[in-house]
Amino acid sequence: MKVIDSISALRDTVNTWRRNGETVGFVPTMGNLHDGHLKLVKKAKAHNDKVVVSIFVNPMQFGANEDLDAYPRTIEEDKAKLISVGADAVFLPSVAEMYPAGLDAQTFVEVPGISDSHCGASRPGHFRGVATVVTKLFNMVQPDDAFFGEKDFQQLQVIRALARDLSMAVKVHGVPTERETSGLAMSSRNGYLTDAEKATASAIFAEMQRLKAGIESGNTNFVELENIMVSNLEAKGFKKDYCQVVNAATFEPASDSDKELVLLVAMFMGKTRLIDNMQITRD
Ligand code: AMP
């Protein structure tokens, strides 16, 4: 696996592959890799001749009071994991390589509408940071295919809109969420939790399943179902950021006539913010 830290070396590597007629898959990450990330890499390997994984903790997508400095950085372990799943190159740019003009002077990309609610409302500027860094990375790698987790459902929709609106050639793929056997969605932020908190955090998945079963059995009182879920989780020590059933396309609160829904959840366990979601189809 090639380890690359400059944009020019990345372009040289990708150009060489392209001249050989090889397709390129791309998986952007912030590192501290777990089996969810590796699932994306395996999907990319199955789909493309060559796979680039980026590891970059993007300061532009963190708010002032968020965990940018504390975010886990485990580069050596990450490289070993990427080799084990057959990644062809890992791109590890510095902040200066990514933002040579500094963050404040940086041109940015913003996807209207879908970026405004839920994580966008709780984390102002977050999706601007995500859309900007992903656009830059797409320009650097120029992949045929890019792979993102459904774990970050709103982010996936922001990136789909970005690629469509800016006429990008890349095909964006969503990959189902990888979970612990307890049901807890794998996340680099789970490392902030104690063992006891981690055990409690699996309740999010159990409650999502319960709510989904309620809708599938015909209950359309979405607000009541959400309230039950929140009070069950609050009883276990969570604090709500948001918990809402929405139209999967518009992210507007679900209505009786909607068929494709998604339950979007963000909960605090102490200082740790956990997000999860579940897609629900009504017939
Ligand atoms: P991150 O390193 O958290 O920025 O995530 C990098 C990519 O991995 C994003 O596309 C995430 O949605 C995806 N991802 C994170 N956790 C999971 C998971 N548990 N299952 C599947 N994909 C994931």
Side-chain angles (χ1 to χ4, degrees), residues 25-47 51-63 66-68 70-75 77-79 81-82 85 87 90-93 98 111 114 118-120 123 126-138 141 143 145-163 170-193 198 201-202 204-205 208 262 264-267 272-279:
F26 178 46
V27 180
T29 82
M30 299 203 299
N32 190 236
L33 302 180
H34 50 64
D35 285 351
H37 296 113
L38 300 184
K39 188 172 173 184
L40 269 56
V41 181
K42 287 178 197 162
K43 281 268 177 196
K45 273 302 273 188
H47 212 87
V51 174
V52 178
V53 179
S54 64
I55 297 179
F56 179 63
V57 183
N58 174 32
M60 198 177 178
Q61 71 189 69
F62 285 78
E66 294 184 350
D67 57 342
L68 174 63
Y71 200 85
R73 287 153 170 95
T74 51
I75 292 298
E77 291 91 328
D78 291 353
K79 282 188 208 163
K81 287 178 185 172
L82 291 176
V85 291
V90 61
F91 180 48
L92 303 165
M98 291 297 286
V111 178
I114 195 90
H118 302 92
C119 282
R123 305 182 68 189
H126 172 65
F127 285 123
R128 174 195 289 190
V130 169
T132 302
V133 82
V134 169
T135 301
K136 287 166 68 67
L137 289 165
F138 280 178
V141 179
D145 298 88
F147 298 81
F148 293 85
E150 289 176 357
K151 156 79 167 43
D152 301 281
F153 189 80
Q154 191 176 8
Q155 169 176 280
L156 173 61
Q157 300 307 86
V158 166
I159 288 160
R160 286 191 200 284
L162 162 81
V170 60
K171 184 157 188 286
V172 174
H173 301 258
V175 179
T177 303
E178 187 76 1
R179 299 180 179 280
E180 308 278 359
T181 42
S182 69
L184 176 64
M186 290 189 179
S187 165
S188 303
R189 291 193 167 95
N190 292 350
Y192 298 146
L193 302 173
K198 237 181 139 176
S202 63
I204 295 175
F205 182 63
M208 290 199 309
V262 57
L264 298 172
V265 183
M267 290 280 160
T272 305
R273 184 171 175 278
L274 301 173
I275 62 169
D276 207 338
N277 66 83
M278 192 168 276
Q279 294 172 64

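This structure is a prediction, so every number in the text was calculated from the model and none was measured. For ligands, and for the atoms within them, numbers begin at 1 and follow the listed sequence.
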Among His37, His34, Lys43, Glu180, closest by heavy atom to atom 16 (N) of ligand 1 is His34
Is there at least one pair of N or O atoms, one from Glu150 and one from ligand 1, spaced under 3.5 Å apart?
-> no
Look at the aromatic rings of His47 and His173 and report parallel, tilted or perpendicular, splitting at 30° and 60°.
-> perpendicular
Atoms of ligand 1 under 4.0 Å from any heavy atom of Gly36, numbered from 1 in the order shown, are 18 (C), 20 (N), 21 (C), 22 (N)
Show which atoms of ligand 1 fall inside a sub-4.0 Å distance from at least one heavy-atom site of Thr177.
-> 19 (N), 20 (N), 21 (C)
Would you check if Val172 and Asp145 make a side-chain contact, meaning some heavy-atom pair closer than 4.5 Å?
-> no
Less than 4.5 Å apart, any side-chain heavy atom of Glu77 and any of Leu33?
-> no
For Pro28, counting its heavy atoms only, list the atoms of ligand 1 lying under 4.0 Å from any of them.
-> 6 (C), 7 (C)
Within-4.5 Å side-chain heavy-atom neighbours: Ser202 and Glu180 = no
Compare all side-chain heavy atoms of Arg189 with those of Asp67 and state whether any distance is below 4.5 angstrom.
-> yes
If hydrogens are left out, which of Gln61, Gln155, Glu178 has an atom nearest to atom 9 (C) of ligand 1, that is, the closest non-hydrogen atom?
-> Gln155
Nearest non-hydrogen partners of Asn190 and Ala185, listed with the distance = ND2-O, 2.9 Å
Can you list the atoms of ligand 1 that are under 4.0 Å from a heavy atom of Phe148?
-> 10 (O)
Going by the atom numbers of ligand 1, which of them fall below 4.0 Å from some non-hydrogen atom of Pro176?
-> 21 (C)
Distance to 0.1 Å, residue and atom name: give those for the protein heavy atom nearest to atom 4 (O) of ligand 1.
-> Met30 CG, 3.6 Å
Grab the two heavy atoms, one from Cys119 and one from Gln154, that are nearest each other, plus how far apart they are.
-> N-OE1, 3.0 Å
Have a look at ligand 1 and work out which part of Leu40, if any, has a heavy atom under 4.0 Å from it: side chain, backbone, both or neither.
-> side chain
Of the choices Asp152, Val133, Val53, which has the non-hydrogen atom that lies closest to atom 14 (N) of ligand 1?
-> Asp152
Give yes if a backbone or side-chain nitrogen or oxygen of Gly149 is under 3.5 Å from a nitrogen or oxygen of ligand 1, and no if not.
-> yes
Would one find more than 12 heavy atoms of other residues, nucleotides or ligands at under 6.0 Å from atom NZ of Lys151?
-> yes
For Met186, counting its heavy atoms only, list the atoms of ligand 1 lying under 4.0 Å from any of them.
-> 16 (N), 17 (C), 18 (C), 19 (N)
What is the minimum heavy-atom distance between Pro143 and Phe26, and which atoms define it?
-> CB-CB, 3.5 Å
Flag Phe147 as yes when one of its N or O atoms lies below 3.5 Å from any N or O atom of ligand 1, and as no otherwise.
-> no
